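Accompanying notes for the structure given below.
The shown structure was predicted, so the numbers you read here are calculated from the model rather than taken from an experiment.
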Amino acid sequence: MVNQRIRVLNSAPERQDRDYVLYWCGANRRVDANHGLLRAVELANLWGLPVLVYEGVTSAHPHASDRLHTFLLEGVPETARRLKRLGIGYCFHLQRERDSHDDTFFRVAARAACVVADDYPTYYPALLNATVPAKLDVRYEVVDSSCIVPMNLLAKREYAAYTIRPKIHRLLPQFLEPCPEPRVRRRWEGPPPPFHLEFTEEQIPAIVASCEIDHSVPPSLCFRGGRRAAEARLQHFLEHGLRRYAKERNQPAAHATSRLSPYLHFGMISSLEVALAVRDYAREHRLIADEFLEELIVRRELAFNFARHSENPESLLNLPEWARATLLRHAKDPRSPCYSRARFEQADTHDELWNACQREMLLRGVIHGYYRMYWGKKIIEWSPTCQDALETMIRIHDRWALDGRDPNTYTNILWCFGLHDRPWQERPVFGTVRYMSLDGMKRKTNVEAYLREIEWIGRAGQDPFVSLTGQPCASL
DNA sequence: ATCGGCTCGCGCAA
DNA sequence: TGCGCGAAGCCGAT
C-alpha cells in the first residue's frame with residue numbers, strides 16, 4: 001500500500017553499511033500517521049539499522065518570522081517525546097542566522113544508508129526535492145503522506161472538482177485506512193547527533209528572539225503549534241462544529257469550520273487522520289459528514305493535483321484559456337478605487353468587511369475560507385493589474401499566513417481568477433470570471449458579528465473565539 | 001423569496 | 001455529436 005506513495009528521485013545506491021536510515025520531515029512534521037516515517041522504519045528493519053528523524057527550521061528564507069518560527073518550535077518537544085517512546089532518533093536543527101551557509105543536513109545524510117523525505121508539491125520542500133537528491137551519494141526517496149489518495153495515481157492535471165471527484169471516490173476505499181504505528185527492530189541508542197537542539201516550551205520565546213528573522217510578524221493570537229494543539233482542535237471540531245458544518249460553514253462568526261489548516265499545512269496532523277476521525281464520529285453520532293469530507297478530501301486533493309502538475313503554481317499562465325482571454329480583454333478597464341500593496345497589507349481600504357478579513361490575517365494568521373474568496377476577489381477589483389493582485393495575495397500569505405505556501409493557498413488564490421471555475425456574466429475588470437459583492441456577503445452572512453469579533457480580538461490582544469484546548473469558545 | 005439567464009468546456013452517452 | 005452540469009454568484013424580473 002505504501003509503494004504507490006513512493007518516488008525515487010536520484011539513482012545513487014542504498015548503503016547498508018552506514019549508521020541509520022534517515023527520515024527528513026520537511027513537510028509532515030509529525031510522528032503519527034506518517035507514511036514517510038513508516039517507510040524509513042521499513043527499510044531500517046530490513047537492513048537491521050536504527051532510524052533517525054531530521055527536522056530543520058531555517059532563518060534563511062525571506063518570510064521567516066516570529067509567527068512561523070514559534071508555531072514550528074511549539075511542535076518540537078512533543079515530537080521528541082513521541083520519537084523517544086518509539087525508539088527512534090531525533091535531530092532537530094535550528095539555523096538562527098539569515099545568511100550563513102548551512103550544511104547540517106548533508107552532514108547528517110553522509111552517514112545515512114538511505115534518505116526518505118516528504119513528497120510535497122510547493123515551496124521549500126518542492127525546491128529541496130528538486131535540488132538535493134543530485135548532491136547525495138545515497139538513494140533519496142520521497143513519500144506522499146499529505147494526500148489520502150496518492151498524487152502519483154492521478155497522472156494528469158484535472159480540469160475541475162467534477163473531473164477529479166469520481167476518480168478520488170473510486171480510489172478512496174483503498175486508501176482511507178489507518179496508517180499503522182511504526183515498530184523499530186533496532187532502537188536508536190546513545191546521544192542524538194551534535195547538531196541537535198533540545199528545549200522546553202518555556203524557552204521558545206527566547207529562542208525565537210535570538211533568530212535573525214522578521215520580528216515584526218508576531219505569533220498568532222489563536223494558533224499554538226504542535227501535535228497536541230492539533231488534536232485538541234480536531235476534538236473541538238468533532239464536538240462543536242461538525243454537526244453544524246453543512247449549514248454554517250460559510251458563516252464565519254459561527255465557527256463551524258475545523259480551523260485545522262495551519263496544522264494540515266505543516267503536517268502536524270494528516271488529512272487521513274482527520275478524515276477517519278470525522279467518519280467514525282459521524283457514524284457513532286449519526287451525523288452526515290459528506291460536506292466536510294468533500295472539502296477535506298476532494299477539494300484539497302484537487303489543489304495538490306494542481307500544484308503537482310503545474311510548472312509554477314504561482315503563475316497566471318495556469319488559468320484555463322477562457323479565463324486568461326477574458327481577463328486580458330479587460331486588462332485596461334479602469335480600477336476604482338485602486339490600492340497599493342501597502343494599503344492592502346495595512347487593512348486600509350474603504351471596505352470595513354475587507355479590512356476585517358485582512359485584520360484577521362494579521363492577528364490570527366488565517367482568513368475564514370469563505371471570506372478569503374471575497375478578500376481575493378476585491379484585491380483583483382482594486383489592483384492596477386491582475387499580476388499585481390496575484391502578487392499581493394501571495395505576498396500577504398507568505399508573510400502573515402500560517403497556512404500559506406500550501407497547494408491550497410495557490411489554488412484558492414488562482415480560483416479567484418477562474419481556476420477550477422466556470423464563466424459567469426460579463427462585467428468590468430473580471431470579464432466572465434465570477435464576481436463577488438459586498439451585498440452578497442451581507443445577504444448571506446452575518447457581517448456585523450464578524451466585524452465585532454475581529455474588532456474585539458484586535459483591541460484585547462487575545463482570541464477566545466478559537467479554542468486552543470478543545471473547550472467551547474466565547475461568542476459575542 | 002425564487003427563478004432564469006449569463007457562459008465555457010469536459011466527459012460521457014449515443 | 002449532443003447534452004448535462006459545474007468550488008462557495010450576480011442581477012433583474014416576478
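- Of the P atoms belonging to C:dG12 and B:dT7, the separation is 15 Å, rounded to the nearest Å.
- Taking atom NZ of A:Lys167 as the reference point, atom P of B:dC12 lies 8 Å away to the nearest angstrom.
- Of the charged side-chain nitrogens involved, none lies within less than 4.0 Å of a carboxylate oxygen, so that A:Glu231 and A:Arg228 do not count as a salt-bridged pair.
- Using a 4.0 Å heavy-atom criterion, one finds that A:Asp421 contacts the sugar-phosphate atoms exclusively.
- Comparing C:dA7, B:dC6, B:dG11 by their nearest atom to the side chain of A:Gln425 picks out B:dC6.
- Remark: A:Arg427 qualifies as a cation-pi partner of A:Tyr435 under the 6.0 Å distance and 45° angle criteria applied to the six-membered ring.
- As rounded to whole Å, 11 Å separates atom P of B:dC10 from atom CZ of A:Arg157.
- Within the 4.0 angstrom heavy-atom criterion, base atoms lie near A:Trp415.
- Between A:Arg422 and C:dG9 there is no side-chain polar atom (N or O) within less than 4.0 angstrom of OP1 or OP2.
- Residue A:Tyr374 contributes atom OH, which lies 14 Å from atom C1' of C:dC10 at whole-angstrom precision.
- When heavy atoms are screened at a 4.0 angstrom cut-off, A:Met373 is found touching no nucleic acid atom at all.
- The side chain of A:Ser437 places an N or O atom within less than 4.0 Å of a non-bridging phosphate oxygen (OP1 or OP2) of C:dC10.
- Side-chain atoms of A:Trp424 lie closest to C:dG9 of the nucleotides B:dC8, C:dA7, C:dG9.
- Ring-centre distance between A:Phe430 and A:His330: not below the 6.0 Å cut-off.
- C:dG9 sits 24 Å from B:dC10 when the P atoms are compared, rounded to a whole Å.
- Phosphate contact (OP1/OP2 of C:dG9, side-chain N/O of A:Lys377, threshold under 4.0 Å): absent.
- A:Trp354 does not carry A:Lys377 over the face of its six-membered ring by the limits of under 6.0 Å from the centre and within 45° of the normal.
- With respect to the salt-bridge test (charged N to carboxylate O, under 4.0 angstrom), the residues A:Glu345 and A:Arg341 do not qualify.
- Cation-pi contact between A:Arg452 and A:Trp456: absent, since separation from the ring centre below 6.0 Å together with deviation from the ring axis within 45° is not met.
- The two residues A:Glu301 and A:Ile168 make their nearest non-hydrogen contact at OE1-CD1, 3.8 Å.
- Atom OH in A:Tyr162 sits roughly 7 Å away from atom C1' in B:dG11 (whole-Å rounding).
- Distance, A:Ile297 CD1 to C:dA7 C1': 16 Å, rounded to whole Å.
- Side-chain nitrogen and oxygen atoms of A:Arg427 include none within less than 4.0 Å of the OP1 or OP2 phosphate oxygen of B:dC6.
- Across C:dA7 and B:dT2, the matching P atoms stand 24 Å from one another, rounded to whole Å.
- Remark: A:Tyr370 is in phosphate contact with C:dG9, judged by side-chain N or O atoms under 4.0 Å from OP1 or OP2.
- A:Arg165 comes within 4.0 angstrom of sugar-phosphate atoms only, judged by non-hydrogen atoms across all strands, and of no base.
- Residue A:Tyr435 contributes atom OH, which lies 14 Å from atom P of C:dG9 at whole-angstrom precision.
- Remark: A:Lys444 is in phosphate contact with C:dC10, judged by side-chain N or O atoms under 4.0 Å from OP1 or OP2.
- Of the candidate nucleotides C:dA7, C:dG9, C:dC10, C:dC10 has the atom nearest to the side chain of A:Arg443.
- The distance from atom CD of A:Glu158 to atom C1' of C:dG6 is 14 Å, rounded to the nearest whole Å.
- Put simply, CD on A:Glu381 is 16 Å from P on C:dG9, counting in whole angstrom units.
- When the nucleotides C:dA7, C:dC10, B:dC10 are ranked by their closest atom to the side chain of A:Thr411, C:dA7 comes out on top.
- Note on A:Lys442: nothing from the nucleic acid sits closer than 4.0 angstrom, heavy atoms only.
- Across all strands shown, C:dC11 forms a Watson-Crick or G-U wobble pair with B:dG4, both key distances being under 3.5 Å.
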